[in-house]
> 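First the structure, then my questions, so here it is.
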There are 2 protein chains.
Amino acid sequence: MVTIYDIAKKANVSPMTVSRVINNSGNIRMATKEKVEKAIKELGYVPNSAARSLTSNQTKTLGLILTDISNPFFSKIARGAEDAAVETGYRVLMSNTDEDFEKEINYIDMMLSARVDGVLIAPTSDKTLDQIKRLSDHNIPAVLIDRTIEGFVGDYVLGDSYEGSRKLVEHLIDYGHRNIALINGPSNVSTARERQRGYLETLKLNDLPVHENYISEIDFKSVQAGNTKSTVAQLMQLNDKKRPTAIFAANNFIAISVMKALKELGLQVPEDISVVCFDEVEPVVYFDPFFTVAAQPASELGRIGIQFLIERVEQKNVEQERKIILPPDIHIRKSTRRME
Amino acid sequence: MVTIYDIAKKANVSPMTVSRVINNSGNIRMATKEKVEKAIKELGYVPNSAARSLTSNQTKTLGLILTDISNPFFSKIARGAEDAAVETGYRVLMSNTDEDFEKEINYIDMMLSARVDGVLIAPTSDKTLDQIKRLSDHNIPAVLIDRTIEGFVGDYVLGDSYEGSRKLVEHLIDYGHRNIALINGPSNVSTARERQRGYLETLKLNDLPVHENYISEIDFKSVQAGNTKSTVAQLMQLNDKKRPTAIFAANNFIAISVMKALKELGLQVPEDISVVCFDEVEPVVYFDPFFTVAAQPASELGRIGIQFLIERVEQKNVEQERKIILPPDIHIRKSTRRME
DNA sequence: GCGCTTTCGGTTACCGGTAACATAAAATTA
DNA sequence: TAATTTTATGTTACCGGTAACCGAAAGCGC
């Protein structure tokens with residue numbers, strides 16, 4: 001591997017001079033600079049960031065801890081985040097927790113040993129607070145994305161779950177639905193709590209009763225395992241008057257799984273039942289706008305999250321905590337129908 | 001930041017002993033080991049990989065250079081790759097080239113300065129060969145994914161573009177289509193060449209004429225800019241006999257754009273025209289299987305790619321070049337119809 | 001041409017680990 | 001119990017950069 005010393009020897013200067021040329025620091029005679037640059041080019045030298053970070057105490061690397069990069073919502077966040085990072089000269093280490101606390105801990109370890117300058121994280125649950133503390137104990141700032149956690153002090157960038165939820169439910173009510181079920185994610189995630197709050201309040205505001213068995217929680221692994229079917233089946237087994245005419249799926253992942261379950265149960269959407277959900281179900285939306293959704297500006301979330309994070313890393317605007325909550329766009333499409 | 005020296009002082013041993021405990025190397029008395037481990041835990045020490053990599057000459061980090069992580073095909077590759085990487089104790093640096101050669105060069109620079117142990121890359125074109133050479137000049141192995149490039153020596157993992165293309169076109173012919181247009185990606189990408197070859201050979205085998213203006217090329221940026229419409233419009237303006245009854249979109253990105261264009265032109269799929277494409281159009285496929293596609297095992301590709309890469313990095317199975325070509329699954333769905 | 005300031009470049013030490021060697025302590029053998 | 005081997009730990013130097021300090025050369029005023 002070519003080092004600064006090889007360049008120094010070739011250009012007949014000291015390693016320090018090479019370092020100065022690379023970093024454009026100090027006073028260097030033009031002739032010397034050119035000599036060094038020639039040697040660098042000829043030997044194809046690229047600085048070793050590991051060595052650099054040892055003295056500079058920064059790695060120019062950020063950690064991105066998300067649930068699952070193959071979920072379109074998160075892959076858009078990742079894309080926005082990565083774009084913002086390279087633009088500012090940072091690299092991004094990626095990871096997928098699958099909402100698993102143990103995996104999350106391992107990734108925190110990884111970020112710690114990689115000495116990343118900061119972490120943008122969608123925490124798996126409120127328990128993640130301890131992990132964020134571990135980061136800050138090592139002087140590594142964290143910005144939350146998509147979710148908050150209780151007791152967190154710092155910046156976060158979220159979609160407005162409460163408001164989106166309200167609007168989706170209002171839309172259903174507007175269409176004449178009175179029996180609306182909510183299939184939610186686990187309530188230890190803030191988005192689930194907010195969506196449930198929006199759901200409940202909207203029902204209350206419209207004087208609609210809340211049936212307890214309309215609300216179910218289903219976690220990432222159950223959805224993956226295909227356990228949504230029993231949840232849906234239970235809902236549909238309620239007797240006629242109580243049988244929901246609409247399902248509010250709390251995210252795209254659940255929505256897809258619900259659709260699958262409905263299909264297996266022989267039910268048509270929207271003829272037999274209406275379905276709405278949070279997050280866009282891409283990319284088909286462009287040519288077959290089917291799903292009525294609360295679409296979050298995912299790539300924007302990622303971009304802003306990284307910007308905040310880098311400002312924290314570089315000690316700018318550190319006085320205030322910034323809580324950004326971006327409103328989702330409600331797209332009314334064909335998965336909901338008016339009740340006669 | 002806590003270092004090995006802090007631990008050493010606290011545990012009243014030499015730094016070297018701490019190092020040995022951490023790496024489980026050499027002979028350490030049980031009592032000493034426990035003393036050190038206690039100190040590590042109490043101070044929350046995590047080894048600094050940068051310092052480590054300086055002596056070990058490896059970073060346990062791999063580079064992943066893809067077109068666009070927010071494209072479901074690539075996000076699945078990324079997921080498979082990242083999974084395989086962590087399982088083997090590696091980290092992953094992500095990047096998005098947008099098929100842009102300049103961006104790709106910058107990312108290669110980034111990988112070089114990060115001293116990644118290896119790179120898994122979907123090259124933007126045959127020109128990328130020089131960049132891969134830059135990597136190998138620095139002893140960094142590269143494995144290709146999704147695409148090959150001319151003159152490349154090493155491992156690659158691809159989907160079978162030729163075979164998938166043949167099957168899609170055969171399906172269309174089987175359905176009675178004789179006028180089949182191909183909207184391809186740029187021919188400096190191997191998949192485009194292979195898909196075109198499959199297209200042409202299948203037509204020839206079935207004694208169908210090849211109209212020159214049935215084949216068009218459209219690059220990533222044009223698709224992004226929404227320039228697909230003019231291409232599609234030109235096809236549809238051909239006089240009746242020559243007007244295509246089916247379009248073969250060479251990838252999911254093009255397919256979505258084609259669908260959009262058709263919609264704007266007021267054409268229905270599959271009533272007015274049939275459409276097939278390469279790559280799955282997820283995730284809607286699960287509940288609304290619409291598109292007839294050649295689905296590539298993306299996550300498998302990513303996983304195998306990383307496995308090969310790590311073997312190269314760790315100098316295992318290096319004698320032979322491995323060329324893996326996985327067959328796509330053909331899913332016949334509702335975007336194609338039989339001609340009467 | 002002499003002293004003073006500025007410019008340019010070199011030397012040394014250190015960042016946080018670890019390989020290689022050295023040495024002290026314990027265990028084993030004769 | 002002395003000699004020998006084995007085990008346990010310490011010391012030194014180095015990985016590839018850079019900060020901090022220092023000295024030589026060049027520019028400048030008089």
Side-chain angles (χ1 to χ4, degrees), chain A residues 1-40 43-61 109-117 138-140, chain B residues 1-40 43-61 109 112-117 138-140:
Chain A
M1 190 73 22
V2 182
T3 73
I4 213 173
Y5 297 91
D6 302 319
I7 306 297
K9 201 175 287 176
K10 177 142 192 163
N12 227 312
V13 294
S14 77
M16 197 56 224
T17 302
V18 179
S19 173
R20 280 192 266 255
V21 170
I22 292 166
N23 296 291
N24 235 307
S25 63
N27 295 315
I28 304 282
R29 219 186 312 158
M30 204 52 197
T32 312
K33 192 178 170 186
E34 279 164 3
K35 225 171 28 174
V36 171
E37 278 170 349
K38 192 169 156 245
I40 288 177
L43 297 183
Y45 167 77
V46 182
N48 181 333
S49 343
R52 255 185 184 164
S53 73
L54 217 49
T55 44
S56 73
N57 229 21
Q58 53 164 328
T59 54
K60 285 281 174 182
T61 304
D109 285 340
M110 173 179 121
M111 299 305 171
L112 244 22
S113 75
R115 295 290 193 273
V116 294
D117 295 334
H138 292 255
N139 268 315
I140 300 174
Chain B
M1 189 72 22
V2 182
T3 73
I4 212 172
Y5 297 92
D6 303 319
I7 306 298
K9 200 175 288 177
K10 178 143 192 162
N12 227 311
V13 296
S14 76
M16 197 57 225
T17 301
V18 178
S19 173
R20 280 193 265 257
V21 170
I22 293 166
N23 297 289
N24 236 309
S25 63
N27 295 315
I28 303 281
R29 218 187 313 159
M30 205 50 196
T32 312
K33 194 177 168 183
E34 280 164 2
K35 223 171 30 173
V36 171
E37 279 170 347
K38 190 169 158 245
I40 288 178
L43 297 183
Y45 167 76
V46 183
N48 181 332
S49 345
R52 253 185 186 164
S53 73
L54 218 48
T55 44
S56 71
N57 229 21
Q58 53 164 329
T59 54
K60 285 281 175 183
T61 304
D109 284 341
L112 244 21
S113 74
R115 296 288 194 274
V116 295
D117 295 335
H138 292 255
N139 268 316
I140 299 174

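Just so it is clear: chains get the letters A, B, ... in the order the sequence lines come, proteins before strands, and each one is counted from 1. Because the structure is a prediction, the values reported are computed rather than measured.
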> Look up atom CD in A:Q58 and atom CZ in A:R52, then write down how far apart they are to the nearest 0.5 Å.
10.0 Å
> Is a donor on one side and an acceptor on the other found under 3.5 Å between the side chain of A:S113 and the backbone of B:V46?
no
> If you assign each of A:A51 and B:S25 to its closest nucleotide in DNA chain C, which residue comes earlier from the 5' end?
A:A51
> Walk along DNA chain C from 5' to 3' and tell me the first and last nucleotide with an atom closer than 4.0 Å to a non-hydrogen atom of chain B.
C:dG16 to C:dA20
> How close do B:Y45 and B:I4 get, counting heavy atoms only, and between which atoms?
CE1-N, 3.8 Å
> Ignoring hydrogens, what is the shortest heavy-atom contact between B:A50 and A:S53? Give both atom names and the distance.
CB-OG, 3.4 Å
> What residues in residues 52-60 of chain A put a non-hydrogen atom under 4.0 Å from any atom of DNA chain C?
A:L54, A:T55
> Please name the pair of heavy atoms, one in B:N24 and one in B:K33, separated by the smallest distance, quoted to 0.1 Å.
OD1-NZ, 4.1 Å
> At what distance, to the nearest 0.5 angstrom, does OG1 of A:T17 lie from CD1 of A:I22?
11.0 Å
> If you look at every heavy atom in B:A11 and B:A39, which pair is closest and at what distance?
CB-CB, 4.1 Å
> Within the structure provided, determine whether B:T3 and B:N48 are in side-chain contact (heavy-atom separation under 4.5 Å).
no
> Would you give a per-nucleotide map of nucleotides 6-12 of chain D, 5' to 3', where B means the base has a protein non-hydrogen atom under 4.0 Å away, S means only the sugar-phosphate does, and - means neither?
-SSBBB-
> Give the minimum heavy-atom separation between B:M1 and A:R115, together with the two atoms involved.
SD-NE, 3.4 Å
> Can you see which heavy atom on B:T59 is nearest to which on B:D117, and at what distance?
N-OD1, 2.9 Å
